[in-house]
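This is a predicted model, so every value here is computed, not measured.
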Protein chains: 2
Amino acid sequence: MVNEQEFLAGYDPRAYPAVAVTVDVVALTIRDNELQVLLIQRAAPPFAGFWALPGGFVRPEEDLAAAARREFAEETGLGGEPLRRVHFEQLASYGTPDRDPRMRIFSIAYLAFAPDLPEPTAGSDAGAAEWLALTALPTRELAFDHRRIIEDGLERARSKLEYTPLATRFVGDEFTIADLRAVYETVWGHPLHAGNFHRKVLSVPGLVEGTGATTEHGGPRGGPRARLYRAGDARLLHPALLRPAREENVR
Amino acid sequence: MVNEQEFLAGYDPRAYPAVAVTVDVVALTIRDNELQVLLIQRAAPPFAGFWALPGGFVRPEEDLAAAARREFAEETGLGGEPLRRVHFEQLASYGTPDRDPRMRIFSIAYLAFAPDLPEPTAGSDAGAAEWLALTALPTRELAFDHRRIIEDGLERARSKLEYTPLATRFVGDEFTIADLRAVYETVWGHPLHAGNFHRKVLSVPGLVEGTGATTEHGGPRGGPRARLYRAGDARLLHPALLRPAREENVR
DNA sequence: CTAAGAATAACTCAGGCTGAGAATAACCCC
DNA sequence: GGGGTTATTCTCAGCCTGAGTTATTCTTAG
């Protein structure tokens, strides 16, 4: 133990192999009624040709969250007000020694949520970029530990829908209850009871507030015009909008 | 934008000022019916004399979680089976450029929970070490952004008690329902209805399982012998054991 | 123009869970 | 033995949920 302490006292990171810190962004959106994640195709080794999360080195003097927004903006071409509306939150950090073959790289992952975004600007520094439906993810070759990071991000997103008004970030400024329900169904991956969902959404204080207006037309396949709502001022949903229990996840 | 891309293409972190990655551990335990956090007193600048979370540089070839366990073990003197029983989980990462005056240091914080631990081994490399009651924290001078990290850890702990059997990590192998209730009351900071808590704990599948035994004696101030329980096999509590709503936190 | 189909929104109802209070019984200390 | 304390169990009203139904409005096919 004394050796241990002597070692520590003299421990200077500058005397050791350099390390680097990157941010990776799990950007989720809903397009074509599917949950999709933003991926870029790597042009250079390692993992050339593989798909990866947008991300890159944190610059000197740059905050972590700022780095995440920058990387996201570079791939999507988003800026200004539309970018400010995108929700960002820190997800987790990944630092297994061999996760990148080049050197020791720690990655701090961020989660981003946005409503239906345009096709990414393919001409960025990373070659191809695209939104990929999560259903198509299993057959895609992913670089590094990015599959794991996406899975962690997904679980976070599903969980956050329960306790926060995050779902309102996936829809436009004004939306119908059915729009919101579609978000929950898409992210959670199974259908919800329309009547109960409606009752619940209206009963949670601060989740939505009515605009007084309705849609211009009924749904594409019929039905009355739906009332329009805006996101409310709640930061936490109480009581929460819980996913039906999945027995297999409990034990 | 082209300049941006050219910059990125040539971006090599090795050409930039070195960065370092540390882990910091928010270790929580319950002693004397109070929630306490492990702090060490810094011997050297910066922040010499200030109190800080135990932590240090992640070594080459060392995993993040392993680094957190190592730093925790060094300060507490714990090892072997007792150390394995301590619950660790990643909390969040902190990387504001000026959070450490020496250089750019990213810190990945871990949360540790353990039942009533002994006084830390004061003779470690960091000078004094002690468990500090959270109630005494506001008057203590803390180094770096460690106050913020502790706050984040606390909120995580409070929240995790709701959805996971984490509370069983704060008590011994065998415990009474009252022991468990004391954990919840201590961490959440307010009293709970004994009867309802009892009913709830026994009704959540997999939270606890009876041992058939009871305590040797009644409580110090009277009352019957209490039944003893062990932690069950649940990984998630369903339905959850929710904190009473705090209106002020919702909006 | 009309009928069929679809969706919104509101209502009903049984069952489960919660908070609050109370009852019962076992046990400590004096 | 008596008073105070605590574990455990009950009771009961109120709220919330899942499931199903109904009235109404609207689109589309024919």
Of the listed nucleotides dC16(D), dG19(C), dT12(C), the one nearest the side chain of Arg199(A): dT12(C)

So which protein nitrogen or oxygen atoms get under 3.5 Å of nucleotides 28-30 of chain C's nitrogens or oxygens?
unit_1	atom_1	unit_2	atom_2	d
dC28(C)	O4'	Gly222(B)	N	3.4

What's the closest nucleotide to the side chain of Asn196(A) if the choices are dA10(C), dG18(D), dC26(D)? dG18(D)

Kindly say whether Phe72(A) contributes a backbone atom to a donor-acceptor pair with the side chain of Thr76(A) at under 3.5 angstrom? yes

Within the distance-only criterion (no hydrogens, no angle test), does the side chain of Tyr110(A) pair as donor or acceptor with the backbone N or O of Val23(A) below 3.5 angstrom? no

Would you mind reading off the distance between Tyr184(A) atom OH and dG18(D) atom P, rounded to a whole angstrom? 13 Å

Under-4.0 Å salt bridge between Asp173(A) and Arg85(A): yes

Find the distance between OG1 (Thr135(A)) and CD (Glu34(A)) and round it off to the nearest 0.5 Å. 4.0 Å

Which of Leu142(A), Asp152(A), Leu53(A) passes side chain to side chain contact (heavy atoms under 4.5 Å, CB included) with Arg147(A)? Answer is Leu142(A)

For Ala178(A), answer base if it contacts any base atom (sugar-phosphate contacts may also be present), sugar-phosphate if it contacts only those atoms, and nothing otherwise; contact means non-hydrogen atoms under 4.0 Å. sugar-phosphate

Lys/Arg N to Asp/Glu carboxylate O, Arg31(B) vs Glu130(B), below 4.0 Å: no

Check whether any side-chain nitrogen or oxygen of Arg227(A) sits under 4.0 Å from OP1 or OP2 of dA7(C), and answer yes or no. no

Atom CZ of Phe197(A) and atom P of dT17(D): how far apart are they, to the nearest Å? 12 Å

Here the distance between atom C1' of dC17(C) and atom CZ of Arg243(B), to the nearest Å, is 19 Å

Tell me, do Phe88(A) and Val25(A) make a side-chain contact under 4.5 Å, heavy atoms counted? yes

Which nucleotide, dA19(D), dA9(C), dT8(D), lies nearest any side-chain atom of Ala226(B)? dT8(D)

Closest-nucleotide ordering on DNA chain C, the 5'-leading residue of His193(B) and Pro239(B): Pro239(B)

Want to settle it: does Pro224(B) or Ser203(A) sit nearer the 5' end of DNA chain D, counting the closest nucleotide to each? Pro224(B)

Rounded to the nearest angstrom, tell me the gap between atom CG in Leu192(B) and atom P in dG19(C). 9 Å

Can any side-chain N or O of Arg156(A) pair as donor or acceptor with the backbone N or O of Gln90(A) at less than 3.5 Å? yes

The side chain of Lys200(B) is closest to which nucleotide in this list: dG19(C), dT18(C), dA19(D)? dT18(C)

What integer distance in Å separates Leu241(A):CG from dC15(D):P? 19 Å

Expressed as a whole number of angstroms, how long is the span from Phe175(B):CZ to dT6(D):P? 20 Å

The reported gap from CZ in Arg227(A) to CD in Glu174(A) (rounded to nearest 0.5 angstrom) is 14.5 Å

Mind calculating the distance between NE2 (His190(A)) and P (dG18(D)) to the nearest angstrom? 11 Å

Atom-pair distance (CG on Leu180(B); P on dA7(D)), nearest Å: 12 Å

Which residues in residues 163-174 of chain B have a heavy atom closer than 4.0 Å to any atom of DNA chain C? none

If we only count heavy atoms from C-beta on, is the Leu241(B) to Phe197(B) side-chain gap below 4.5 Å? yes

Which of dT9(D), dA10(C), dT6(D) is nearest the side chain of His198(B)? It is dT9(D)

